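Take a look at the structure set out below.
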There are 2 protein chains.
Amino acid sequence: MAVTIYDIAREAKVGIGTVSRVLNNSANVTRQTRDRVLTVAAKLNYQPHAFAQALARKRSSTLNAIIPFFSNYFFIQVLQGVQETLIAHGFDLIIHGANTQEQAEEYLLHSTRKGRVDGTMLFSLGLPDHVAQEYVKKDIPLILVDTFHPMFDSIRVDNIEGAKRATKHLISLGHTSIGMINAKEKSVPARERLMSFKETLQSSGIVIFDEIIVNSTLDKDDGFSRESGYEAVQELFRRNIKMPSAFFVSSDIQAIGVIAALQEHNFSVPDDVAIVSFDDIELAKYFELTTMRQPMFAMGELAVKKMLERIEKPSAPVSSINFTPDLIIRSSCGAKKI
Amino acid sequence: MAVTIYDIAREAKVGIGTVSRVLNNSANVTRQTRDRVLTVAAKLNYQPHAFAQALARKRSSTLNAIIPFFSNYFFIQVLQGVQETLIAHGFDLIIHGANTQEQAEEYLLHSTRKGRVDGTMLFSLGLPDHVAQEYVKKDIPLILVDTFHPMFDSIRVDNIEGAKRATKHLISLGHTSIGMINAKEKSVPARERLMSFKETLQSSGIVIFDEIIVNSTLDKDDGFSRESGYEAVQELFRRNIKMPSAFFVSSDIQAIGVIAALQEHNFSVPDDVAIVSFDDIELAKYFELTTMRQPMFAMGELAVKKMLERIEKPSAPVSSINFTPDLIIRSSCGAKKI
DNA sequence: CTTTATGGTGGAAGGGCTTTCAAAAGTAGT
DNA sequence: ACTACTTTTGAAAGCCCTTCCACCATAAAG
């Protein structure tokens, strides 16, 4: 039913090879033949058959993305960057939303089916070694975004620099008693943010009080949750600790919980306690959070570019790129009047 | 390099036809041969080549989804439903995030490339007639979610019933002066919600005051935006109109703007003005909005099921299914104490 | 012990494209 | 006008699978 290159060849009185060459802009075709073929193709409304092409070319022009479904705003943004770049290169995107690490592994292994996709991009989820082996063995391009493995290209957010900027901002506002509400320490970003927070305080000559630094004890989303922030503050009140004048919170979503808990105890933000958090998710705007924005669109864009480079040169050295988050000032830090 | 059915055939000393039959669980293969082939396949770690399969089978086991990127939470949820169902049936999902109606059309036409996908699902975006023609002509299954066209299967939210329930809830709480903050009237859901709101008031014997019914004048997202809600309330204050004791707002995101505007004028929610909105997006929980929840996961699930049915029976009569939203009571309506 | 079913099997024929190869046509040099 | 190239072109081979058809065994029936 569908029109094939054979139809075009017959109609244009050329061979199928010529048709293919014209359609692929290969060299060595006369202007005349080219025009004739193109005209016929347009007349018949020819559409190349993607699968036949993929089979013959041994590449599919399709990429795989494995992303966590739960933390949505970040990924919607990154995906926009991914997609716009992809479209520009004529690639398609197959998406696997993972809710758990196990699911991610399953998809990773699943999309190993050679030929199906030209490469896969993994977002924010861990890459277990045995899966990494599989990718190396089958030689499938893999780009990591917001996660890391020494054997693959990765694109990350510079948590060290981000936490440093956030902390410095609080210091610059005159705070000297600064606490931190952190996610679970087992999470890499959480650890990095905590470390940099402490270092920045230290190098600024501010005393670090361990009792106003709380690591989440909740498991959900590695402690990057509203409940986690809420609970951390409640714990501080329970322990009857004097509140610091400012908190650095490891994510916006936690900050929302922090604010709620503080309000329950009649502490207002930013008047009694200033807050700077991390991520700049959609909610941040509505809650007027001062936060560290991650260049999400740009990260998505770059992920695709890296992928195309990797497909081009499979043996190029592994690269790792860091994006530095920007400080977005809203009213939760007290620097700006509402 | 990759292992093919020929390798298996040679190794297992059978014909390629037999290998294919075993791998596809076709009948008429001895237990012995089956086992032998399966053993060899496992040993060689055989992975079928998706494109070759698609080419031979004339179907790709891949679906297309075209969704608006902007209103994210709703779609993330729907997508989860879509994906989990898809996975269960061994399908892949290609996603096109559209930011505008034009982009959606482009993708719709683009994914018309026969053979690439077995069908496409369109979410919340309009289907222009000329595109519809194209799909009918090429006989590509198309399922509409949260949008409508008489020639294709559709899955929708029952705005009439939803608005009715929301309005009745406010009435049941004793309100007699109820206004509505609506999105742009050109949007179909907006029109339906408004109409049902009015009808419900009428049939309950409540007077309708047109001056406390505001249709958005802002274009962005058809008026389903925070600014739109904020602006509508400001307009009411500007016109110096007596505030009603309750508002039905056509979406959660607008309700957030409504609350902000009311607060600026020292009206508290729900004490001075009660609010019921629509959607139950993620934000709704944090803002304690009483709202009409759309069964998003179930809609995604059903979309896929409908699609599979349609692929199965291309000539089955077109169906249209309505989901009824559920009333989620939080504190913005004043029914529940915080 | 033939005949007729019937399950089991191998392999060719596609499916629609790219690419290679060799032949045909064109160009230039003499 | 003839040789020596260079371009252009048609067609076959291959990508990897499914499916159809013909053939071979058996087993059941006569």
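Letters A, B, ... mirror the listed sequences (proteins, then strands); counts begin at 1. Atoms considered below: every heavy atom in the structure, side chains included; atoms not considered: hydrogens, waters and symmetry mates. This is a predicted model, so every value here is computed, not measured.
- B:Arg57 places its CZ atom 16 Å from the C1' atom of C:dG14, with the value rounded to the nearest Å.
- At a cut-off of 3.5 Å, with distance as the only test, a side-chain donor of B:Ser20 or B:Asn24 sits close to an acceptor on the other residue.
- For the pair B:Arg156 and B:Phe148, the cation-pi test (distance below 6.0 Å, angle within 45°) is passed.
- On a pure distance criterion of 3.5 Å, a polar donor-acceptor pair joins the side chain of B:Tyr6 and the base of D:dC17.
- Considering only the side chain of A:Leu55, D:dC16 comes nearest among D:dC16, D:dT18, D:dG14.
- Residue whose closest nucleotide on DNA chain C sits further toward the 5' end, between B:Gln53 and B:Thr30: B:Thr30.
- Checked against salt bridge (Lys or Arg N to Asp or Glu O under 4.0 Å), A:Glu309 has the following partners two or more places apart in sequence or in another chain: A:Lys306.
- Classification of the B:Tyr135-B:Phe152 ring pair by plane angle, with boundaries at 30° and 60°, yields perpendicular.
- Across the protein-nucleic acid pair, A:Arg59 atom CZ and C:dC17 atom P stand 17 Å apart, rounded to whole Å.
- Nearest nucleotide to the A:Asn24 side chain, out of C:dT9, C:dT18, D:dC17: C:dT18.
- With no hydrogens or angles considered, no side-chain donor-acceptor pair links A:Asp92 and A:Thr62 at under 3.5 Å.
- We find that CG of A:Asn28 is positioned 9 Å from P of D:dT9, with the value rounded to whole Å.
- Note on A:Thr33: a side-chain N or O is less than 4.0 Å away from OP1 or OP2 of D:dT9.
- Near DNA chain C, defined here as any heavy-atom distance below 4.0 Å, the residues from residues 11-22 of chain A are A:Ile16, A:Gly17, A:Ser20, A:Arg21, listed numerically.
- For the pair B:Arg116 CZ and C:dG16 P, the interatomic distance rounds to 16 Å; values are reported in whole Å.
- Spacing between atom CD1 of A:Ile5 and atom C1' of D:dA13 amounts to 13 Å, rounded to whole angstrom units.
- When the salt bridge (Lys or Arg N to Asp or Glu O under 4.0 Å) test is applied to B:Asp158, no partner is found at least two apart in sequence or on another chain.
- Look at CZ on A:Arg10: it is 16 Å from C1' on D:dA11, rounded to the nearest Å.
- Straight-line distance from the CD atom of B:Gln47 to the P atom of D:dC15: 19 Å, rounded to whole Å.
- When the C1' atom of D:dT18 is taken as reference, atom CZ of A:Phe51 falls 15 Å away, rounded to whole Å.
- When the options A:Val37, A:Val29, A:Ile8, A:Val40 are evaluated for a side chain to side chain contact (heavy atoms under 4.5 Å, CB included) with A:Val14, the one that passes is A:Val37.
- Comparing B:Lys58 and B:Arg31 by the nucleotide of DNA chain C whose heavy atom lies nearest to each, the residue mapping closer to the 5' end is B:Arg31.
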